[in-house]
*Asks:* 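One structure coming up, written as structure tokens, with questions to follow.
Heavy atoms only: backbone and side chains are in, while hydrogens, waters and symmetry mates are out.
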Amino acid sequence: MSAVPSAAARSSLRTFAVRAQSRARLVCFPHAGGGAGAYRLWGFDAPWDVEVAAVQYPGREDRYAEPPVTVMSELADAIGTNLLREATARPERATVLFGHSMGASVAYETARRLTAAGHPPAALVVSGQPAPHRTRGGALHRADDAELLTDVRRLGGTSAGVLGHDALLRALLPTIRSDYRLIETYRPRPGRRLGAPVTVLYADDDPEVDAAEAAAWREVTDGSCEVGVFTGGHFYLEQQREAVLARVVARVRAALPAAGAAWPSLP
């Protein structure tokens, strides 16, 4: 793993609700243009035994002053370095990675780095994104502002308040464009397959991923792979937050079979 600035390594994760007695940490990776705040409610709604942390990419929310990253390897290296430090500090607590849309690819690349470093995640959960080797690419990051905004509106996931606030939206556009560039130019490099179990979630009416592209995630791991189907478009997880979180927490607990029998059922 390449060296990264210490400031980036220190400031990647945000925890909105500390779970001091948690036995697992669920690390969530936002979509293109999204920030850690997208998972604030997950942090509060998660049960006592799962602490939720969200990755804060540079260029948004409390890292707005930092330039956004446009190369996948640079972003995954920085996040991986951060997570490795925490894994060393809390070796008894398992780490499960969750990512939606662009975040699924970032989570996967981070999982590869953790695995190569000898600290693989207990599980990987990906949502709303084709398998890495089935990535669609694209050129919207080179489009004009109007065309890029049309695609942002098409997918949803950006609040009406932001979309209706011209000055705010234009302030966010450089970061959104950088994220589009990152995911549209991303191509996975050859390397060892993961060993962790993978759970794939997607919506059957999402234009960004189809059943075959979702099922192709089976090819990235030597562990088990299960697929869950929802309805609600690309941002189905906002419409069905409780159901999605319950499915993800079940995956977290399944990654810890020795302790699972002693834990209470989901609220």
*Asks:* Between Arg247 and Val125, is a side-chain contact (heavy atoms from CB on, under 4.5 Å) present by the stated rule, with each step listed?
*Replies:* CA-CA 10 Å; Arg247 181 67 180 263; Val125 185; over 6 Å; no

*Asks:* Could you tell me whether a side-chain N or O of Ser101 sits under 3.5 Å from a main-chain N or O of Gly103, the two making a donor and an acceptor?
*Replies:* no

*Asks:* Report yes or no: does Ser12 contribute a side-chain atom to a donor-acceptor pair with the main-chain N or O of Asn82 at less than 3.5 Å?
*Replies:* no

*Asks:* Whether the Glu184 and His141 side chains hold a donor-acceptor pair (N or O, under 3.5 Å, no angle test) is what I'd like checked.
*Replies:* yes

*Asks:* Contact between Pro58 and Leu75 at the side-chain level, heavy atoms closer than 4.5 Å - yes or no?
*Replies:* yes

*Asks:* If only side-chain N and O atoms count, and only distance matters, is there a donor-acceptor pair under 3.5 Å linking Asp204 with Thr231?
*Replies:* yes

*Asks:* Please answer whether the main-chain N or O of Gly59 pairs with a side-chain N or O of Thr175 as donor and acceptor at a distance below 3.5 Å.
*Replies:* yes

*Asks:* Distance check, rounded to the nearest 0.5 Å: Glu208 atom CD versus Tyr202 atom OH?
*Replies:* 14.5 Å

*Asks:* Kindly work out whether a path of hydrophobic side-chain contacts (I/L/V/M/F/W/Y, heavy atoms less than 4.5 Å apart) joins Val52 to Leu41.
*Replies:* no

*Asks:* For a quick check under 3.5 Å, do Gln56 and Asp62 share a side-chain donor-acceptor pair by atom type?
*Replies:* yes

*Asks:* Is there a path of hydrophobic side-chain contacts, each under 4.5 Å between heavy atoms of I/L/V/M/F/W/Y residues, joining Tyr57 to Tyr64?
*Replies:* no

*Asks:* My understanding is that only residues two or more places apart in sequence, or in another chain, count here; which of them pass side chain to side chain donor-acceptor pair (under 3.5 Å) with Thr199?
*Replies:* Glu226

*Asks:* Does some side-chain heavy atom of Ser224 sit less than 4.5 Å from a side-chain heavy atom of Val198?
*Replies:* no

*Asks:* So does Glu92 pair up with Arg90, basic N to acidic O under 4.0 Å?
*Replies:* yes

*Asks:* Compare every heavy atom of Leu256 with every heavy atom of Ala24, then report the nearest pair and how far apart it is.
*Replies:* CB-CD1, 3.7 Å

*Asks:* Less than 4.5 Å apart, any side-chain heavy atom of Val248 and any of Leu201?
*Replies:* yes

*Asks:* Minimum heavy-atom separation for Glu61 to Gly37, with atom names?
*Replies:* OE1-N, 3.1 Å

*Asks:* More than 12 foreign heavy atoms under 6.0 Å from CZ of Arg189: is that the case here?
*Replies:* no

*Asks:* Ignoring hydrogens and geometry, is there a side-chain-to-backbone donor-acceptor pair from Glu51 to Arg19 under 3.5 Å?
*Replies:* yes

*Asks:* Is the closest side-chain heavy-atom distance between Pro188 and Met72 below 4.5 Å?
*Replies:* no

*Asks:* Is a side-chain N or O of Asp179 found less than 3.5 angstrom from the main chain of Gly33, in a donor-acceptor match?
*Replies:* yes

*Asks:* Once rounded to the nearest 0.5 Å, what's the spacing between atom OG of Ser178 and atom CZ of Arg60?
*Replies:* 8.0 Å

*Asks:* Hydrophobic clustering (ILVMFWY, side-chain heavy atoms < 4.5 Å, transitive) - are Val71 and Ile79 grouped together?
*Replies:* no

*Asks:* What heavy-atom pair brings Arg177 and Asp144 nearest, and what distance separates the two atoms?
*Replies:* NH2-C, 3.8 Å

*Asks:* Evaluate Thr115 against Arg192 for side-chain contact (heavy atoms from CB on, under 4.5 Å), listing each step before the verdict.
*Replies:* CA-CA 9 Å; Thr115 300; Arg192 189 174 63 181; 3.4 Å; yes

*Asks:* Test your reading of the model: is there a side-chain donor-acceptor pair from Arg181 to the backbone of Ile176, 3.5 Å cut-off?
*Replies:* no

*Asks:* If every non-hydrogen atom of Arg251 is compared with every non-hydrogen atom of Ala123, which pair is closest and at what distance?
*Replies:* NE-CB, 4.1 Å

*Asks:* Yes or no on side-chain contact (heavy atoms from CB on, under 4.5 Å) for Arg218 and Val227, after CA distance, side-chain angles and deciding distance?
*Replies:* CA-CA 9 Å; Arg218 299 180 186 278; Val227 178; 3.9 Å; yes

*Asks:* How long is the span from the CZ atom in Arg187 to the OG atom in Ser105, to the nearest 0.5 Å?
*Replies:* 10.5 Å

*Asks:* Run the side chain to side chain contact (heavy atoms under 4.5 Å, CB included) test against Pro130 and tell me which residues pass, sequence neighbours left out.
*Replies:* Arg134, Arg136, Val209, Glu213

*Asks:* Please check if any side-chain donor atom of Ser22 sits under 3.5 Å from a side-chain acceptor atom of Arg93, or the reverse.
*Replies:* yes

*Asks:* For Ala104 versus Val126, what's the shortest heavy-atom pair and its separation?
*Replies:* CB-CB, 3.8 Å

*Asks:* Any side-chain heavy atom of Val27 sitting closer than 4.5 Å to one from Thr110?
*Replies:* no

*Asks:* Would you call the rings of His100 and Tyr236 parallel, tilted or perpendicular, taking 30° and 60° as the class edges?
*Replies:* perpendicular

*Asks:* With the threshold set at 4.0 Å, does a side-chain nitrogen-carboxylate oxygen contact exist between Arg193 and Asp222?
*Replies:* yes

*Asks:* Please report the interatomic distance CD(Gln240) to CG(Leu245), rounded to the nearest 0.5 Å.
*Replies:* 13.0 Å

*Asks:* So do Phe44 and Phe16 actually touch side chain to side chain, heavy atoms under 4.5 Å?
*Replies:* yes

*Asks:* Do side-chain atoms of Trp217 reach the backbone of Gln129 as a donor and acceptor pair under 3.5 angstrom?
*Replies:* yes

*Asks:* Does a side-chain heavy-atom distance below 4.5 Å link Leu114 with Leu84?
*Replies:* yes

*Asks:* Can you check whether Phe230 reaches Asp205 side chain to side chain, under 4.5 Å on heavy atoms?
*Replies:* no

*Asks:* I'd like to know if Glu109 and Arg113 make a salt bridge, using a cut-off of under 4.0 Å between side-chain N and carboxylate O.
*Replies:* yes

*Asks:* Rounded at 0.5 Å granularity, tell me how far CG in Leu124 sits from OG1 in Thr95.
*Replies:* 12.5 Å

*Asks:* What's the shortest heavy-atom distance between Ile183 and Met102, and which atoms?
*Replies:* CB-CG, 3.8 Å

*Asks:* Any chance you could lay out the side-chain contact (heavy atoms from CB on, under 4.5 Å) test for His31 and Phe235, step after step, and finish with the verdict?
*Replies:* CA-CA 10 Å; His31 56 279; Phe235 283 96; 3.6 Å; yes

*Asks:* Would you kindly confirm whether Tyr108 and Leu13 end up in one hydrophobic cluster when ILVMFWY residues are joined by side chain heavy atoms under 4.5 Å apart?
*Replies:* yes

